[in-house]
Amino acid sequence: MALIERYQKTTDISYWEGQIPMSYIYTVGRAGEKFFREMMNGRIFGAKCESCDVTYVPPRTYCEKCFARLEDHYADVGGKGTVHTFTECHEAYDGTKKQKPSIVAMIRIEGTQGGIVHWLGETHFKDVYIGMSVEAVFKAKKDREGGILDIKYFRPIK
Amino acid sequence: MTKRVAIVGIGTTGFRATTPDVSYRELTYEAATKAYVDAGIEPKDVDSFVSTAEDFFEGYSIADEYSPDQLGAVLKPIYTVPGDFIQSLASAYMMILSGIGDISVVQGLSKASNMLSLSEMTTFAMDPIYNRPLKESPHAVAGMEMARFMHESGATREQCAKVVVKNKRNALDNPLAGHGVLIDSDYVLNSEVISFPLTQMDISPHSDGAVVVVLAEEKTAKTLSDKPIWIRGIGWCSDTPGLETRNWGEAIYAQMAAEMSYKMAGIRHPRSEIDFAEINDEFSYKELQHLEAMRICRKKEAGPLTETGGTEITGEFPVNPSGGCLGVGNLYELNGGHKVLEVVRQLRGEAGKNQLKDITTGLAQGWRGVPTATGAVAILSN
Ligand SMILES: [Zn+2]
């Protein structure tokens, strides 16, 4: 059929629609547990590999370069960083157009090789540039739940 | 001395935005039939098979289980690589090198038009704990990567737009391509902004299609084919999936994969030792970024090279004469397969209106798309 003859009316073509409801929990792990507990206190933590002189944010229990265990090497890295790159996104995650675009940025946390991908707030897209200094703005303590959204956004340091 | 392995058969359905009259299995069946006829073999002659499939994109939890029948691979050695087609090609190549058999087959497929929630499925590829809670489109990742690449390389939006214009125009003369069109740079620059600086026209529209490739060990290859296309080098590499620690400006995964393939092929100066390339241009800037990463031009040179026509079919180093992903369509895990197919067609002298002259070596490159940092490269010679 497929090789020689062709359907000539689209309405003759049948299909079957199927859905897969996907529900899952993702264990944050030991390093994630540390990261999010500290975040609830308004602090950003990383994990440092002394031998590679690399600090990972978010923290990990292992170094991706030398494979050392980093579990007891957590450190408060502060809430400041620079905009490594950024975009103004007009498209929602489901492909529809957003009512209002968001500014999404990869923030390199000061003194680390890691960072946080988050929104920029209290600024305008045209004023943002690569290398701009920013700081984390946390939600009110009572509203923090131990997740990346405990940070409301990053804002320019005046 | 390592065994030599050649591509002795290729088959494809061609690539179209929709294929409502055929199932994904029938797409593969058509490509497989053509590849076996091209190679002058039957499925029973094949020693091992490798298929390429991503469960979510296929709509099955165990998509690999559904790959044997339409390839003629029932009760035969087969497994699935959930990566780019060129990674599957590497597996099939190694099967011959390791003596598992003399003939192996690689398959890849895209039925993107069946994915009703394609955007959400791609979003599900992002880290669930650190990235997904923001509920941002993966196109935001591409927008950020484009911005950082432009910052580091000095490439401009205009130069990225030139890639779109070139590739979509090349596609017009490629009967396999589904998204050829004649437009100018202004059309790209003024199209709807998706995630600045990325516009709608910087993004490859998706396509359906299948590719099947037959590989054979040297002695068998010479018996089967008058025009065997030799695999001279192959490489693959993954950067960290972490958006927080990866390199945003340079496509290191492409650099490392290319260097691995150059080493195998004995290539030291890719620009002069390779004649043309089919490389991943899923987003306009990726063509420029990949060109620099793979040392086809120096850092900061891909933009100017494109602007002055150096990567046109008539240029000094043609890039994506087929039309690339921008002109043929985004084929997801099949992207690398389309690149291999087009390099083979060129090296055989079967590329029709887009045929390049005096070529002996071509490069095919695949990338797994946002938010991944995985790529693969194959060096092919006639
Ligand atoms: Zn280390």
Side-chain angles (χ1 to χ4, degrees), chain A residues 1-3 5-8 10 12-13 15 17-20 22 24-29 32 35-36 54 56-58 60 64 84-98 101-109 112-119 125 129-131 147-149, chain B residues 13 18-23 26-27 29-30 33-34 56 59-61 114 116-124 126-152 192-198 200 240 242-246 248-249:
Chain A
M1 171 83 218
L3 286 174
E5 299 163 40
R6 296 285 182 192
Y7 284 110
Q8 295 186 51
T10 311
D12 289 343
I13 299 164
Y15 60 84
E17 193 171 331
Q19 287 96 22
I20 318 174
M22 290 282 304
Y24 210 89
I25 57 162
Y26 298 92
T27 309
V28 299
F35 185 62
F36 290 121
V54 168
Y56 294 98
V57 179
R60 304 170 179 186
E64 74 179 36
H84 184 68
T85 186
F86 66 103
T87 185
E88 183 183 54
C89 190
H90 296 255
E91 184 186 76
Y93 72 100
D94 62 357
T96 58
K97 195 175 163 65
K98 282 180 178 177
S102 53
I103 312 174
V104 186
M106 160 56 203
I107 316 295
R108 178 75 71 229
I109 300 294
T112 79
Q113 282 69 33
I116 293 176
V117 174
H118 223 291
W119 297 298
F125 179 63
Y129 55 92
I130 288 175
I148 200 75
L149 298 183
Chain B
T13 53
T18 58
T19 49
D21 59 330
V22 281
S23 72
E26 290 160 348
L27 282 171
Y29 176 68
E30 182 180 334
T33 305
K34 289 177 177 171
F56 278 28
Y60 289 79
S61 300
N114 275 3
L116 296 182
S117 53
L118 182 53
S119 186
E120 283 147 306
M121 285 193 275
T122 318
T123 304
F124 227 65
M126 307 237 275
D127 183 280
I129 298 167
Y130 299 105
N131 306 140
R132 231 189 278 161
L134 297 177
K135 290 198 169 175
E136 291 291 347
S137 158
H139 283 146
V141 175
M144 285 194 284
E145 193 181 54
M146 183 173 180
R148 185 70 201 185
F149 168 68
M150 285 166 57
H151 177 77
E152 289 185 16
E192 189 186 352
V193 174
I194 300 299
S195 197
F196 194 86
L198 193 73
Q200 185 68 56
T240 167
L243 300 181
E244 295 79 9
T245 46
R246 72 163 55 157
W248 283 83

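What you are looking at is a predicted structure, and each value in this text was computed from that prediction instead of being measured. Quick note on labels: first sequence line is chain A, next is B, and so on, each numbered from 1.
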Region of [X] in contact with chain B, defined by heavy-atom distances below 4.5 Å:
X      : result
A:I13  : side chain
A:F36  : side chain
A:Q19  : neither
A:F125 : side chain
A:E91  : both
A:V117 : both
A:Y26  : both

Between [options], which has the largest tally of heavy atom pairs under 4.5 Å with chain A?
options                        : value
B:S61, B:A147, B:P133          : B:P133
B:N131, B:L134, B:D127, B:L116 : B:L134
B:L118, B:T123, B:T122, B:N114 : B:T123

Aromatic ring centroids of B:F124 and A:Y93 under 6.0 Å? no
What residue pairs, at least two apart or across chains, pass salt bridge (charged side-chain N to carboxylate O under 4.0 Å, His left out) with a residue in residues 128-145 of chain B? A:K98-B:E136, B:E145-B:K286
Test item: A:I130 and A:F86 side chains (from C-beta on) under 4.5 Å apart, heavy atoms: yes
A:L149 vs A:W119 side-chain heavy atoms within contact, under 4.5 Å: yes
Check each atom of B:T13 against the heavy atoms of chain A and say whether the ones under 4.5 Å are side chain, backbone, both or neither. neither
At a 4.5 Å cut-off on heavy atoms, which part of B:S137 comes close to chain A: side chain, backbone, both, or neither? both
Taking salt bridge (charged side-chain N to carboxylate O under 4.0 Å, His left out) as the test, write out the residues that go with A:E88, two or more places apart. none
Side chain to side chain contact (heavy atoms under 4.5 Å, CB included) evaluation trace for A:K97 with B:E192: CA-CA 11 Å; A:K97 195 175 163 65; B:E192 189 186 352; 3.6 Å; yes
Does the B:S195 side chain pair with the main chain of B:G143, one donor and one acceptor, at a distance under 3.5 Å? no
Heavy-atom closest pair (B:E244 atom, A:P58 atom, distance to 0.1 Å) is CG-CD, 3.6 Å
